[in-house]
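Single-structure report; data block below.
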Amino acid sequence: MGCEVVKKKMWKVCMMVLVLAASGVNLWGGRVVQAEAEVPCYFIFGDSLVDNGNNNQLSSLARADYMPYGIDFDGGPTGRFCNGKTTTDVIAQLLGFDDYIPPYATTRGQDLLKGVNFASAAAGIRDETGRQLGDRITMNGQVRNYQSVASQIVQILGDEASAADHLSKCIFTVGMGSNDYLNNYFMPLYYTTSQEYTPEQYADALIQEYTGQLRTLYNYGARKVALIGVGQIGCSPNQLAQNSQNGVACVDRINVANQMFNNKLKALVDNFNSNLDGAKFTYINAYGIFEDMLKNPSAYGFTVTNTGCCGVGRNNGQITCLPLQTPCQNRNQYLFWDAFHPTEAANVIVGKRSYRAQSSSDAYPVDIERLARL
């Protein structure tokens with residue numbers, strides 16, 4: 001009803017309520033109801049950098065469903081390997097979604113239409129990657145899960161043409177490869193890949209397998225795809241603890257190998273865009289964004305870049321954050337949350353620059369904001 005039947009002394013209050021309601025403010029939950037999202041759906045593939053709960057029920061050491069993980073997140077510990085939001089949480093918000101993209105493990109029915117997060121901690125492009133940590137959903141497994149979702153979307157929308165049209169408007173982000181180095185190539189006690197391949201050969205082998213996986217996503221409707229490059233693994237607290245003499249200087253041999261992979265990934269974007277009809281792939285330079293934060297930490301409010309906020313041992317990087325461990329208090333000043341993963345503060349920067357490039361080198365050929373409009 002309107003305000004005309006309300007007594008005069010209540011008129012101002014009523015008018016205020018109507019104004020707030022019209023402006024999209026939910027008076028009960030405090031959430032601002034946003035305008036319609038820029039795209040109808042967002043699908044996420046990746047590893048622990050963006051896992052938001054898919055590993056919670058797995059028999060795995062790669063789990064983060066306990067405090068202090070999630071200490072700064074609205075829902076507390078959710079399975080995110082962070083104190084707060086991940087990069088894809090930030091991207092989802094910037095795309096205009098009024099909630100985070102849910103994990104595949106708990107999403108069914110009509111909810112699939114808005115997108116799903118398939119990411120799984122310890123996952124790699126190669127199936128054997130991360131096996132020493134227990135169960136995980138490899139990139140091949142994530143692709144199979146997406147194929148299942150795409151088939152369900154056909155059933156929900158009624159026919160393949162409608163599903164194809166829907167999926168062609170969605171954003172896909174895929175960030176894989178980190179564990180193929182961290183929990184494979186540079187772990188010679190568990191894996192033989194470093195004896196079988198030079199770094200250049202290994203990057204080629206990864207890209208060859210990745211190409212097939214990404215082509216399958218394309219064959220099942222993915223068109224607007226942002227490929228997120230591997231970050232500077234050689235600068236993580238874990239690698240500094242193990243392989244840096246002074247605990248500050250990054251491990252060059254690891255970073256050089258990461259860049260070989262990234263350069264080939266960027267070339268793959270050109271390949272797909274030239275040879276796949278309707279393909280709109282882009283490359284997000286996570287390595288370069290992290291390099292900027294490491295070189296200019298004060299510009300971003302960071303005072304600690306070589307030590308985890310929560311962890312054990314040298315650089316807080318030898319053992320990751322333990323259950324109920326007390327983390328650092330000044331979390332916004334830390335680049336890394338634990339031995340491997342960035343803080344929410346760092347994720348916000350990476351997410352924002354992935355969505356809207358701050359430098360011409362942040363994205364190639366377009367950032368996610370422009371990708372959404374294509």
Where [X] and [Y] come nearest, the two heavy atoms and their spacing:
X: Val269; Y: Pro365; answer: CG1-CD, 3.9 Å
X: Ala37; Y: Phe97; answer: CB-N, 4.0 Å
X: Ser178; Y: Leu49; answer: OG-CD1, 4.3 Å
X: Asn347; Y: Cys82; answer: ND2-SG, 3.5 Å
X: Gly317; Y: Ala339; answer: O-CB, 3.5 Å
X: Ser148; Y: Tyr104; answer: OG-OH, 4.2 Å

* Asked: With Ser194, which residues qualify under side-chain hydrogen bond (donor to acceptor under 3.5 Å, both in side chains), at least two apart?
  ->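 Testing Ser194 for side-chain hydrogen bond (donor to acceptor under 3.5 Å, both in side chains), a comparison that skips the adjacent residues, returns none.
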* Residue list, side-chain hydrogen bond (donor to acceptor under 3.5 Å, both in side chains) with Asn315, at least two apart or on another chain ->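 side-chain hydrogen bond (donor to acceptor under 3.5 Å, both in side chains) list for Asn315, sorted by chain: empty.
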Can you tell me if [X] uses its side chain to pair, donor with acceptor, with the backbone of [Y] under 3.5 Å?
X: Asn285; Y: Ser361; answer: yes
X: Arg63; Y: Asn56; answer: yes
X: Asn54; Y: Ala105; answer: yes
X: Thr87; Y: Gly351; answer: no
X: Asn306; Y: Val248; answer: no
X: Tyr191; Y: Asn183; answer: yes
X: Asn296; Y: Ala299; answer: no
X: Asn263; Y: Gln259; answer: yes
X: Asn52; Y: Ile101; answer: yes
X: Asp362; Y: Ala357; answer: no

* **Passing candidate, side-chain contact (heavy atoms from CB on, under 4.5 Å) with Ile171, options Lys224, Arg223, Lys280** =>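 Of Lys224, Arg223, Lys280, side-chain contact (heavy atoms from CB on, under 4.5 Å) with Ile171 is met by Lys224 alone.
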* Among Phe45, Phe43, Tyr42, the one residue meeting side-chain contact (heavy atoms from CB on, under 4.5 Å) with Val116 ->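 The residue from Phe45, Phe43, Tyr42 that satisfies side-chain contact (heavy atoms from CB on, under 4.5 Å) with Val116 turns out to be Phe43.
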For the [atom1] atom of [X] and the [atom2] atom of [Y], what is their distance to the nearest 0.5 Å?
X: Ser60; Y: Arg131; atom1: OG; atom2: CZ; value: 14.5 Å
X: Met139; Y: Asp47; atom1: CE; atom2: CG; value: 10.5 Å
X: Gln142; Y: Arg136; atom1: CD; atom2: CZ; value: 11.5 Å
X: Asp270; Y: Tyr283; atom1: CG; atom2: OH; value: 12.5 Å
X: Leu265; Y: Asn271; atom1: CG; atom2: CG; value: 11.5 Å

With a 3.5 Å cut-off and no angle check, do the side chains of [X] and [Y] form a donor-acceptor pair?
X: Asn55; Y: Ser120; result: yes
X: Thr86; Y: Asp89; result: yes
X: Tyr300; Y: Thr305; result: no
X: Asn258; Y: Asn262; result: no
X: Tyr355; Y: Glu38; result: yes
X: Thr138; Y: Asp127; result: yes

When you compare the side chain of [Y] with that of [X], does any pair of heavy atoms fall below 4.5 Å?
X: Val39; Y: Lys169; value: no
X: Asn140; Y: Glu209; value: yes
X: Glu291; Y: Gln232; value: yes
X: Asn238; Y: Leu182; value: yes
X: Phe261; Y: Tyr202; value: no
X: Asn145; Y: Ile137; value: yes
X: Asp180; Y: Val230; value: no
X: Tyr334; Y: Pro327; value: no

* **Worked verdict on Asp204 versus Gln208 for side-chain contact (heavy atoms from CB on, under 4.5 Å)** => CA-CA 6 Å; Asp204 281 331; Gln208 183 176 359; over 6 Å; no
* Might you work through the side chain to side chain donor-acceptor pair (under 3.5 Å) test for Asn179 and Thr129, ending with a clear yes or no? => CA-CA 7 Å; Asn179 285 309; Thr129 289; over 6 Å; no
* Working for ring-ring contact (aromatic ring centres under 6.0 Å, His included), residues Tyr218 and Phe281 -> CA-CA 10 Å; Tyr218 170 85; Phe281 281 68; 7.1 Å; no
* To do: Measure from NZ or CZ of Arg80 to the centre of the six-membered ring of Tyr100 and say whether it is under 6.0 Å with the direction within 45° of the ring axis.
  => yes
* To do: Decide yes or no on side-chain contact (heavy atoms from CB on, under 4.5 Å) for Leu94 and Glu369, but give the supporting numbers first.
  => CA-CA 8 Å; Leu94 292 169; Glu369 182 181 33; over 6 Å; no
More than 12 non-hydrogen atoms from neighbouring residues, nucleotides or ligands closer than 6.0 Å to [atom1] on [X], yes or no?
X: Lys264; atom1: NZ; value: yes
X: Gln245; atom1: CD; value: no
X: Gln201; atom1: CD; value: yes
X: Arg314; atom1: CZ; value: yes

* Asked: Any idea how His341 and Phe81 line up, ring-wise: parallel (<30°), tilted (30 to 60°), or perpendicular (>60°)?
  ->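 It falls in the tilted class, 30° to 60°.
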* Under 30°, 30 to 60°, or over 60°: which ring-plane class applies to Tyr220 and Tyr146, parallel, tilted or perpendicular? ->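 Perpendicular.
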* Does the pair Asp292/Arg353 count as a salt bridge with the N-to-O cut at 4.0 Å? ->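 Salt bridge flag = yes for Arg353 with Asp292.
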* To do: Answer yes or no for Cys321 and Cys310: SG-SG distance under 2.5 Å.
  =>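 With an SG-SG separation under 2.5 Å, Cys321 and Cys310 do form a disulfide.
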* Check the pair Phe186 / Ile233 against side-chain contact (heavy atoms from CB on, under 4.5 Å), numbers first and verdict last. => CA-CA 11 Å; Phe186 289 109; Ile233 294 173; over 6 Å; no
* Asked: Between Tyr185 and Tyr197, does the ring centroid distance fall short of 6.0 Å?
  ->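 No, the ring of Tyr185 stays outside the 6.0 Å limit from the ring of Tyr197, centre to centre.
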* To do: Treat each ILVMFWY residue as a node, draw an edge where side-chain heavy atoms are under 4.5 Å apart, and state whether Leu322 and Leu324 are in one component.
  =>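 In one cluster: no.
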* Asked: After noting the C-alpha distance and the side-chain angles of Ile71 and Trp337, does the key distance pass the side-chain contact (heavy atoms from CB on, under 4.5 Å) rule?
  -> CA-CA 11 Å; Ile71 190 171; Trp337 159 248; 4.1 Å; yes
